[in-house]
Amino acid sequence: MSSTLGLSWDQHHLGQEVQMGSVARRSFASENVVNRDHALPNPSWNKDLRLLFDQFMRKCEAGSWKRLPSNNHSPQSFQDFQTRFVDPKLPKEQISQARLFTRSFEDGLGFEYVMFCNDAEKRVVCFFQAGPYLQGAPGFTHGGAIATMIDATTGMCAFRAGGVVMTANLNINYKRPIPLCSVVVMKSQIDKVEGRKVFVSCNVRSVDEETLYSEATSLFIKLDPNKKLA
Ligand SMILES: CCCCCCCCCCCCCC(=O)SCCNC(=O)CCNC(=O)[C@H](O)C(C)(C)COP(=O)(O)OP(=O)(O)OC[C@H]1O[C@@H](n2cnc3c(N)ncnc32)[C@H](O)[C@@H]1OP(=O)(O)O
């Protein structure tokens, strides 16, 4: 996402809730939870996730990598996005309850992750710990949860390179199951950009890089500001 961004989907919708009045109290009560930066260590992070976080924070100090806060969206982007692409007739009450899917679980139960970007190399890395509510086959992570995180990681990579995009195609080869509650490393990079098409690839490996869990390719389309989405 662009480096100037500063508001998350959550915060955006929180703002709407506050304006609505009838649900304002609930909004303020949850404000601290909603507004915080989720891409920082919390007590549910295991040793692997903490080590990878520390390792990449050192790379950030060296200058080539940057940590991406989870609330990394600009108010201007949202206003533009809403004005251009979102149907104004959508029920405001429902919209006000919207939350970013990957950040809507309690700490440790769902998606715990942090992303780092290297804009010069057009890469985004995501360290992802799959919580117990993401189970698919017993003891392993649900394929849809894996797809979600690949989409989020490649989407971030495409967005940083191409601006506002949507996923048009996502292909995943699941090669080994990911043990639940383990940490995996997702590495994505831009392969090419052709007009409005942004091609991104991603691989998912174990922390020691010995196991290749999944490989994916994604196609993102830069949105045409003159076209309604629906
Ligand atoms: C505030 C901002 C927030 C942003 C946050 C981002 C980061 C967060 C990440 C979160 C991650 C979560 C992300 C999510 O959850 S995104 C949610 C899941 N995705 C969707 O719902 C998208 C649904 N699809 C669409 O709305 C439209 O199809 C889009 C917008 C994608 C394109 O419709 P549009 O009318 O604009 O374009 P076009 O049809 O003129 O096509 C243009 C060109 O593209 C080519 N083409 C199109 N589709 C395909 C295809 N499937 N394979 C191969 N090629 C395809 C097409 O042939 C043409 O090529 P050419 O003829 O020009 O050569």
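Computed from a prediction, not measured in an experiment: that's the story for all the values here. Whatever order the structure lists them in is the order used to number ligands and atoms, beginning at 1.
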Counting from 1 in the order shown, the ligand 1 atoms closer than 4.0 Å to a non-hydrogen atom of K227 are 34 (P), 35 (O), 37 (O), 38 (P), 40 (O)

Numbering the atoms of ligand 1 from 1, which are under 4.0 Å from a heavy atom of L219? 49 (C), 50 (C), 52 (N), 53 (C), 54 (N), 55 (C)

Look up atom CG in L229 and atom CG in D224, then write down how far apart they are to the nearest 0.5 Å. 9.5 Å

Does a side-chain N-to-carboxylate-O contact under 4.0 Å join K66 and D119? no

Given that the side chain starts at C-beta and the backbone is N, CA, C, O, which of these parts of R196 lies under 4.0 Å from ligand 1, counting heavy atoms, or is it both or neither? side chain

Ligand-side contact atoms (ligand 1) for residue partner M166, heavy atom cut-off under 4.0 Å: 16 (S), 17 (C), 20 (C), 21 (O)

Does ligand 1 have a heavy atom under 4.0 Å from the side chain of D151, from its backbone, from both, or from neither? both

N173 side chain to K175 backbone, donor-acceptor under 3.5 Å: no

Below 3.5 Å, N or O to N or O, backbone or side chain included: is there any such pair between K222 and ligand 1? no

For atom 26 (O) of ligand 1, which of N226, L229, T153 has the closest heavy atom? L229

If I apply the N/O under 3.5 Å rule, does T167 come out as touching ligand 1? yes

Test the R123-F116 pair against the cation-pi criterion, namely NZ or CZ under 6.0 angstrom from the six-membered ring centroid and within 45° of the ring axis. no

Does any N or O atom in G155 lie less than 3.5 angstrom from one in ligand 1, N or O only? no

Taking the ring of F159 and the ring of F220, is the distance between their centroids below 6.0 Å? no

Lys/Arg-Asp/Glu bridge criterion (N-O < 4.0 Å) met for R176, E210: no

Using a strict 4.0 Å cut-off to heavy atoms of L223, name the atoms of ligand 1 that fall inside it. 30 (C)

Check: E112/N42 side-chain N/O donor and acceptor closer than 3.5 Å: yes

